[in-house]
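Working notes, structure below.
By convention in this document, chain letters (A, B, ...) are assigned in the order of the sequence lines, proteins followed by strands, and residues within each chain are numbered from 1.
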Amino acid sequence: MTEITVTVLRFNPETDAGPHPEEYTVEVHDGARVLHALHAVHAQDETLAYRYCCGSGQCGSCAVQVDGAPVLACLAEAKDGMVVGPLALPVVQDLEVDLSPYLERLAYIDPAPCAAFPTKEEIEAIKPLRDCIECMACVSVCPALLVTDFAGPTAMRQDLRLALDPRDTGDRINEAVKEGLFFCTSCQRCWKVCPKGIEIPGKAIERLREIANRQGLSLPRHIDVAELVRTTGRSVPRTKETFLEEVPGVIEPEGEARATVGFFVGCMYNGRLPDAALDMIEVMRRNGIRVVVPHEQVCCGSPLIRTGQTAFLDQLKRRNIEAFRSRGIDTVMTMCAGCGSTLKNDYDTPFTVMDATEVLDRYGIEPPAKLRIAATYHDPCHLLRGQGISEEPRALLRKVAETFVETPNRCCGSGGGVRSGVPEEAAALGAMRGEAFEASGADVVVSCCPFCEFHIAEHTKLPVKDLMTLLREGYEQKDRDGAGQQ
Amino acid sequence: MRALEVIDCHVLVIGSGGAGIRAAIEADRYGETVLLSKSITGKGGCTTMAEGGYNAVLRDTDACALHTEDTMRGGAYLNDPALVDALVHDAPARLSDLVSWGAVFDASADGEVAQRSFGGQCRPRTCYAGDRTGHEMIATLMERLRGSGVERIEETPAIELLKDSGRVCGALTLDRKGEVRAIRADAVVLATGGGARVYDVSTNSGTGSGDGFAIGYRAGAELIDMEMVQFHPTGAVYPYDARGRLVTEAVRGEGGRLINAAGERFMNCYDPERMELSTRDVVARAIATEVLEGRGTKNGGVWLDVTHLPARRIEERLPVMLEQFLRFGVDIRTEPMEVAPTAHHIMGGLSITPEGQTTLPGLFACGECSGGVHGANRLGGNALADTQVFGKRAGEAAGRSPERRATIDRVQVEAQEERLTAFFRGEVSPISVQRQLQQAMWDGAGIRRNESDLRTTLGTVGELNGAGLNAASGRNLTACCAVQNLCTTAGLIVRSALLRPESRGAHYRTDIVQTWDAQTSPFGHTRISLKGAGIEEAGR
């Protein structure tokens, strides 16, 4: 037996003003789960309210937050010092939350009489969507639910499960649209917390949006973007000189080249924020990285995949892959979190894809001057969850900013076609983000995603900068300081 | 005293596992139906945890007569033949119901529901959805339920059946705040599942506390064969807190081998013909014997090995097992699992007709809380079929019950209110009583039994049953009631075990030498009710 300390967030809405932490010291066996620690707490204090049934991860009763992350109590290992709280849903008492409003919104089958048993292929397509145990962890973290009446990630999963079943007679696509199919920002939080690992954004929501597209139900703004990509190869209209128009095909570093990477610029950095991309190029030059920029590259297709408009996606993929393959490039660098996530997860590439922050982390950088700023960092969803990158940008930021403060992570609302398709939702989430940054004590917001930066800038009084711009400023400051000393 | 709130309906179904939901769906065709759940509906009970499968005769290569014979032989011929007949003949149609309601069972290459081999069966008869078959069934039933008119009352157990002149006419319920309500009904269906949690090591869901056995018994219904407790051969042994967690029979169905600490495939010594796919009682006793005789692992188990199977087959057919063991640091593709027997299923229960009618007018039962279907040992895959076959039958029979007027007996209500009030004066923690009960039952009424240990256990159970339980708050009242039900269930098991002077199926008496086998046994069912207890004996 081991003694551990567990803090439980206790709250009885009928008698308490708000949740309050209570600390317990309990003895647990080797390999005990959070649930067993809660049983031990309950043996000390029988007033603790918590749910459990099967104890083996199959009923979805015991989802709680441990140190702020949703888990099933019966599966997550108990740790000394852990803080156990309820899911971020309306609390009934202590660790029990009200799941019923979300359970009620799950669609149910309307079977045709005498329908035949599905084929093996149909069964195999539905099965992964059937693993859901309705624990509602996904619902508890979904940003869209904060500002819309979205039915929630698992309701979308259920709609696709029914849409794929030949026995069902319902009009699941229209229903899904009404239940908020286009509200998902593709932030990926839902599937990262899913105890069954059901990839709802990619494997359910985008699939539903594809079917919706075939049925003519795509949002008009999304159709416009797809048309722009189809006719120009770009999802952003040309309003000024683009990055690709400004740079040569190969950009040599200052001094000896330590490495060569191809650069996939993406539509936003190419057409709307070319200066940030030029800043990145300067940072690479300074650090001995040769950058090859194929000019025939086009949109990665992310705006099409996220919105279900995949009819000519394969042409884009082929053209992009060929642009780098034909130059013998083995590492392709992205700077846009969305492009990087798409190339890594939606493409089958003959080369390695790395974010610019990964490239700099791998080769190491010359230290820039520390700028007299208090910076906070916004994790782009498609970098943090889409690519699993959180430490590299923070390490770079700490090198260039005198002060670094964290702001709790949340989606800014610009992804998944929401900024163009459901602007009021994007604005509401952006406003929440702006408030959080302003409360952080920082005087500048830094990120690594042109969509996030462009969107957040509209919703905060603070300046918003790309990490690469900040690094370049750090080098310029260093050069000025050096010149001053001479 | 505040006026008692009364809900009125045609059929009240108590319990929301596979049998209860199926009964409610059926009863709803006949009139207003209420489904009462201790948990959030669909999350409680053991059906959702069931991994292996559902037995049904589907193909020309199989026959109902074979399913019947397998079930009777597996049950040591203690099964009620009329109930087995109903099970075997209805199982395919009830499977079709699930399929037509959207169930996603695995399909075979020929486009039919796939079937695999399970223990004690002469044909591959077990339909499955990977190794989460019960989850699939509950998902399907929940979709059907959401589309029905059934009223759901959640997180609220029944604490007592209401009676009006000898007829069951509803139940008293207790919600999370400790409020008592009455539900008046023309017919009541008990579908409360089993009570294997009376044992220290068990596969069962945290919601199961033998409620149906206990409240049915208190209302005067007769129960049969309560001594027949199935110990599933393969439960997890590590980590300690996860002990007893089910390791599905599908592991052996797919070819898993049992190996003792000496590296011997020991089933060769117990059932060389059927080996690992012998019946559960035989395999469980074999493992217990290996451990008892010093050939067990250091954690008191044996090895269950699938490493000779292709990794892809394990990933496809046993994904839940793979994931669960990986979580505890064991990759079953390359390492064996450590397993030992775990209390799993109570074959005994409320005596029923094939229509689910108990010995009390107005009261029906189905699923694990009923007895007689599985005899002295249940075959893997027959429980899920049981839930659907008898859930439908009981729901239908209850639904066909005539409408009645009934008055709620104030004396009964006051007695229950007094019982609950006493919990606020009690001083004994229900958690500690439950732990003592589980240990006493595991030690004295487990896989191997003898009269002396059973008598000692009965004494302990009696003392624990009389403990003055304490409720820390209104919401702890349900825990007190649940622990009392566990004590009542344990008492029924031990008393019935003392009544049966033979080893048969899962009931194994080390202190009795017998000259008969299951087919020539002079004994029939044990029967127990408020009126008395006894065992059927030929010639008496």
Side-chain angles (χ1 to χ4, degrees), chain A residues 28-33 35-36 39 42-43 45-47 49 51-61 74-75 77 92-93 96 99-100 103-104 106-124 126-127 129-134 158 161-162 165 167-168 196, chain B residues 39-46 48-49 51 99-102 104-109 111-113 129-130 132 134-136 139-140 142-147 154-155 176 203 205-207 238-242 245-246 319-320 323-324 327-329 429-432 470-473 475-476 479:
Chain A
V28 293
H29 291 94
D30 263 6
R33 306 289 114 178
L35 179 61
H36 306 126
H39 288 332
H42 184 242
D45 182 349
E46 293 186 24
T47 63
R51 285 197 190 100
Y52 67 99
C53 286
C54 79
S56 53
Q58 274 154 247
C59 75
S61 299
C74 67
L75 294 186
E77 190 158 3
V92 177
Q93 189 177 332
E96 292 182 2
L99 302 180
S100 52
L103 289 168
E104 292 306 322
L106 297 178
Y108 47 84
I109 195 165
D110 185 4
C114 311
F117 188 61
T119 64
K120 195 171 167 76
E121 290 67 38
E122 285 163 339
I123 292 283
E124 294 306 318
I126 301 168
K127 263 172 84 175
L129 300 166
R130 206 58 172 159
D131 287 335
C132 177
I133 53 173
E134 299 174 5
Q158 176 67 359
R161 168 263 177 283
L162 293 171
D165 198 317
R167 294 166 291 190
D168 183 46
K196 296 289 167 182
Chain B
S39 62
I40 294 172
T41 310
K43 296 197 178 298
C46 292
T48 196
M49 305 166 68
E51 294 162 350
V99 166
S100 71
W101 297 341
V104 187
F105 282 95
D106 279 26
S108 60
E112 301 290 332
V113 174
R132 48 159 194 72
H135 169 85
E136 179 56 42
T140 303
M142 282 304 296
E143 283 196 30
R144 189 72 182 174
L145 184 70
R146 283 170 183 145
E154 303 196 309
E155 300 190 284
R176 276 187 296 180
T203 60
S205 157
T207 48
Y238 180 86
Y240 178 81
D241 290 306
R245 182 172 47 81
L246 181 63
V320 174
E323 184 204 314
Q324 284 188 359
R327 205 174 279 278
F328 298 117
S429 153
I431 297 171
S432 103
N470 168 258
S473 71
R475 64 176 294 137
N476 296 78

Interchain contact, A:E121 with chain B, by part (heavy-atom threshold 4.5 Å): neither
With only heavy atoms counted, which part of A:D165 is less than 4.5 Å from chain B, the side chain, the backbone, both or neither? side chain
Identify which of B:T48, B:N476, B:V320 forms the greatest number of heavy-atom pairs closer than 4.5 Å to chain A. B:N476
If one checks every heavy atom of A:E77 against chain B at 4.5 Å, the contacting part turns out to be neither
Of the non-hydrogen atoms in A:G31 and B:P239, which two are nearest, and what is the gap between them? O-CG, 3.4 Å
With a 4.5 angstrom heavy-atom cut-off, could you sort out which part of A:L99 is near chain B: side chain, backbone, both or neither? side chain
Applying a strict 4.5 Å limit to non-hydrogen atoms, the region of A:A115 in contact with chain B is neither
4.5 Å side-chain heavy-atom contact, B:R176 and A:Q93: no
If the contact rule is any heavy atom under 4.5 Å from chain B, which residues of residues 51-58 of chain A qualify, in numerical order? A:R51, A:Y52, A:C53, A:C54, A:S56, A:Q58
Note, A:R33 side chain near B:F328 side chain (heavy atom, < 4.5 Å): yes
Considering only heavy atoms, which portion of A:E104 lies under 4.5 Å from any heavy atom of chain B: side chain, backbone, both, or neither? side chain
Shortest non-hydrogen pair, A:P111 vs B:R144, comes out as CG-NH1, 3.8 Å
Between B:E112, B:E323, B:E155, the one whose heavy-atom pairs under 4.5 Å with chain A are most numerous: B:E155
Cut-off 4.5 Å, heavy atoms of chain A, and the answer for B:S100 is backbone
So for B:R327, is it side chain, backbone, both, or neither that comes closer than 4.5 Å to the heavy atoms of chain A? both
Are the charged groups of B:R132 and A:D131 less than 4.0 angstrom apart, N to O? yes
Between the side chain of A:K120 and the main-chain N/O of B:A109, is any donor-acceptor distance below 3.5 Å? no
Relative to chain B, which segment of A:V92 carries a heavy atom at a distance below 4.5 Å: side chain, backbone, both, or neither? side chain
What part of A:L103 is in contact with chain B, defined as an atom under 4.5 angstrom from a non-hydrogen atom: side chain, backbone, both or neither? both
Chain A: which of B:V104, B:T41, B:D106 shares the most heavy-atom pairs with it under 4.5 Å? B:V104
Is B:E136 in contact with chain A via its backbone, its side chain, both, or neither, using a 4.5 Å heavy-atom distance? both
Shorter than 4.5 Å, heavy atoms on both sides: which option in A:T119, A:L162, A:I133 has the most such pairs with chain B? A:I133
Considering only heavy atoms and a distance below 4.5 Å, find which of B:A479, B:G130, B:G102, B:S473 pairs most often with chain A. B:G102
Please list, chain by chain and in numerical order, all residues satisfying salt bridge (charged side-chain N to carboxylate O under 4.0 Å, His left out) with B:E143, sequence neighbours excluded. A:R130, A:R161
Counting heavy-atom pairs under 4.5 Å with chain B, the top scorer among A:S100, A:C74, A:S61, A:P113 is A:S61
Find the one option among B:G206, B:G45, B:G42, B:A107 whose heavy-atom pairs under 4.5 Å with chain A are most numerous. B:A107
In terms of heavy-atom pairs under 4.5 Å with chain B, the winner among A:L35, A:D110, A:L106, A:L75 is A:L75
Please report the shortest heavy-atom distance between B:F105 and A:F117, naming the atom on each side. O-CZ, 3.4 Å
So, B:H135 side chain and A:C132 main chain: donor-acceptor pair closer than 3.5 Å or not? yes
Segment of A:E122 engaging chain B (4.5 angstrom heavy-atom cut-off): neither
For the student: nearest non-hydrogen atoms of B:N470 and A:E46, plus distance: O-OE1, 4.3 Å
In Å and rounded to the nearest 0.5 Å, what is the CZ to OG1 distance from B:R475 to A:T47? 9.0 Å
Do you know which of B:G134, B:S39, B:G111, B:G147 has the most heavy-atom pairs with chain A at a distance under 4.5 angstrom? B:G147
Region of A:A116 in contact with chain B, defined by heavy-atom distances below 4.5 Å: neither
Considering only heavy atoms, which portion of A:H36 lies under 4.5 Å from any heavy atom of chain B: side chain, backbone, both, or neither? side chain
Against chain A, label B:R146 side chain, backbone, both or neither, depending on which of its atoms sit under 4.5 Å from a heavy atom there. both
Do B:V99 and A:R167 have side-chain heavy atoms sitting under 4.5 Å apart? yes
Using non-hydrogen atoms and a 4.5 Å limit, figure out which bit of B:T140 sits close to chain A: side chain, backbone, both or neither. both
